Amino acid sequence: MFVELKHGSGGRPTQQLIGEILSIYGDNSIKDLEDCALIEGGLGVTIDGFTVSPRFFPGGDIGKLAVCGSTNDLAVRGVKPMYLAMSILIEEGLPKEELIKVVKSAYGVSKELDVKLVAGDTKVLPRGQADGMYITCCALGKAVTGRPWGINNLSSGDILLITGPIGKHGALISALHYGLDVDQLASDCAPLWPLMQPLTEVAGVKCARDCTRGGLGTVLCEWAEGAGIGIEIEEDLIPLDPEVASVADVLGFDVLHLACEGTAVIAVAPDCAEYVLSSLRVLAPNCTAIGKVTEDHPGIVGLKTEIGGIRVMDMLAGEMVPRIC
């Protein structure tokens, strides 16, 4: 048996592979399968690798993506991003001007967030042993919420909010991969901390996640299965740009599995849902409620379709397009 591209999709095969890896560590392994771990001293830490192709795309580049992607994993756990360690693998022959442009882009996001680069590493690989450039980031910050955000807080009745249109990054990279005309489409790549920071003082915020690989659908399945609760969402409430829908139709993709890189799903207690919505809409005018947590059908996500039917959602089973992030 071999590792396949589907094991990097962020869906079911990825989950299974991670399970096998963690089983080797036994009692010394990660206990909390959130994207950011909370450790002693109220610190949050995460690490992520970025291999996106193409490296430059409408709305961002691999440098911006690396800093946004790593710090967003902190932000959705109520952790203020503070420090960053970065490793860059560079292929021999990459124009130095491109490397500098990527680093300047990463610096721009870091400066915006007041995140300091405190450690780094560079390696140059022989020509043909890498595709231009890969970046790995480890982000560290301080938890600032009264109670850590996470799936263990989910309970029946919680309202699910999405901060903006889904699938923009995945649709864009897929379209570029297959040579489709996407003049009107850009990635949603953006830092989430400015959006999440005001929510850190709201007691009713339960859980949040940025919908990266595997998209909104995979996040909701992870929540339902991990917390042993049911989830119900309504298709016609989910914000979706026409360009994303068109790309998905042409390529035969489910928009719920297309990646986002600046869009989060948030679970909040019902009595504070309107307050949280109004707060989010200051910076994210398309934020909306899309569904709820239920005690019915634990472990299952149900999607109410536009024509009134119900279908069961599952995690992405294979790989749609490799190297989207």
Side-chain angles (χ1 to χ4, degrees), residues 2-18 21 35 46-70 72-73 86-95 98-99 101-103 105-106 109 123-138 166-180 182 185-190 210-219 244 247-248 250-263 315-325:
F2 301 94
V3 175
E4 302 176 41
L5 280 175
K6 67 180 181 180
H7 291 108
S9 68
R12 185 73 65 190
T14 302
Q15 187 184 63
Q16 293 168 345
L17 181 62
I18 291 173
I21 293 171
D35 288 341
T46 187
I47 188 168
D48 210 341
F50 299 88
T51 68
V52 65
S53 179
R55 291 184 292 279
F56 294 86
F57 48 84
D61 57 72
I62 192 171
K64 178 183 179 182
L65 180 66
V67 178
C68 288
S70 53
N72 286 351
D73 283 345
M86 180 182 294
S87 171
I88 308 178
L89 300 181
I90 309 161
E91 182 184 17
E92 177 190 17
L94 181 81
E98 181 175 336
L99 172 64
K101 185 177 180 180
V102 165
V103 174
S105 180
V109 183
K123 294 288 191 300
V124 178
L125 302 178
R127 195 183 302 267
Q129 293 190 14
D131 186 8
M133 182 192 315
Y134 304 141
I135 298 178
T136 297
C137 283
C138 177
I166 65 169
K168 296 179 70 173
H169 182 77
L172 172 69
I173 300 301
S174 298
L176 295 174
H177 182 86
Y178 288 105
L180 302 181
V182 289
L185 184 59
S187 171
D188 63 337
C189 181
D210 53 334
C211 307
T212 54
R213 289 183 306 164
L216 172 64
T218 292
V219 170
V244 174
V247 169
V250 169
L251 298 178
F253 293 160
D254 186 339
V255 294
L256 292 168
H257 287 148
L258 288 173
C260 313
E261 288 294 344
T263 301
M315 296 186 193
L316 185 63
E319 177 66 86
M320 292 192 295
V321 174
R323 298 180 55 190
I324 60 170
C325 60

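These figures come from a predicted structure and were not determined experimentally.
In this structure, CG in L17 is found 14.0 Å from CZ in R12, a value given to the nearest 0.5 Å. To the nearest 0.5 Å, the span separating CG on D73 from OG1 on T212 amounts to 6.5 Å. Rounding to the nearest 0.5 angstrom, the gap separating the NE2 atom in H169 from the CG atom in L185 is 10.5 Å. Within the model, atoms OH of Y134 and NZ of K123 stand 16.0 Å from one another, a figure rounded to the nearest 0.5 Å. With values rounded to the nearest 0.5 angstrom, L5 atom CG is found 10.5 Å from H7 atom NE2. Rounding to the nearest 0.5 Å gives a distance of 5.0 Å between CD1 of I135 and CD1 of I88.
The shortest side-chain heavy-atom distance between I324 and H177 does not fall under the 4.5 Å cut-off. I90 has its side chain within reach of L99: a pair of non-hydrogen atoms, C-beta onward, lies under 4.5 Å apart. Residues F253 and L258 form a side-chain contact, since some pair of their non-hydrogen atoms from C-beta on lies under 4.5 Å apart. With contacts defined as side-chain heavy-atom distances shorter than 4.5 Å, the pair L94/M133 qualifies. Side-chain contact between V67 and M86 is present, with at least one heavy-atom pair separated by less than 4.5 Å. Side-chain contact check for V250 versus Y178: every heavy-atom pair is 4.5 Å or farther apart. The shortest distance between side-chain heavy atoms of D210 and C260 does not fall below 4.5 Å.
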- Task: Evaluate the side chain to side chain contact (heavy atoms under 4.5 Å, CB included) criterion for residues D254 and H257: first the C-alpha distance (whole Å), next the side-chain angles of each, then the deciding distance (0.1 Å), finally the verdict.
- Result: CA-CA 6 Å; D254 186 339; H257 287 148; 4.1 Å; yes
- Message: Does M315 form a side chain to side chain contact (heavy atoms under 4.5 Å, CB included) with Q15? I'd like the steps, not just the answer.
- Response: CA-CA 9 Å; M315 296 186 193; Q15 187 184 63; 3.2 Å; yes
- Item | Derivation and outcome, salt bridge (Lys or Arg N to Asp or Glu O under 4.0 Å), residues K168 and E261 | CA-CA 8 Å; K168 296 179 70 173; E261 288 294 344; over 6 Å; no
- side chain to side chain contact (heavy atoms under 4.5 Å, CB included) between V52 and I173, intermediate numbers included: CA-CA 8 Å; V52 65; I173 300 301; 4.0 Å; yes
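In plain terms, the two heavy atoms of G167 and V244 that are nearest each other are O-CG1, 3.8 Å. Here the closest non-hydrogen pair linking E98 and R55 is OE2-NE, 2.5 Å. Pairing each heavy atom of A259 with each of R213, the nearest pair is CB-N, 4.2 Å. Nearest heavy atoms, T14 versus K6: OG1-O, 3.9 Å. The two atoms that bring L216 and C211 nearest to each other are N-CB, 3.8 Å, heavy atoms only. P58 and L172 get closest at one heavy-atom pair: O-CD2, 3.3 Å.
The closest donor-acceptor contact from the side chain of D188 to the backbone of G262 lies under 3.5 Å. Here the side chain of R323 pairs a donor or acceptor atom with the backbone of T51 at under 3.5 angstrom. Checking side-chain atoms of E92 against main-chain N and O of P126 turns up no donor-acceptor pair under 3.5 Å.
Among C189, S105, S187, the one residue that satisfies the side-chain contact (heavy atoms from CB on, under 4.5 Å) test with L65 is C189.
Figure legend: K64 and F56 shown without cation-pi pairing, the cationic atom not lying both under 6.0 angstrom from the six-membered ring centre and within 45 degrees of its axis.
Residues T46 and D35 bring no donor and acceptor atom of their side chains to less than 3.5 Å of each other. Checked by atom type, the side-chain pair S70/D48 shows no donor-acceptor distance below 3.5 Å.
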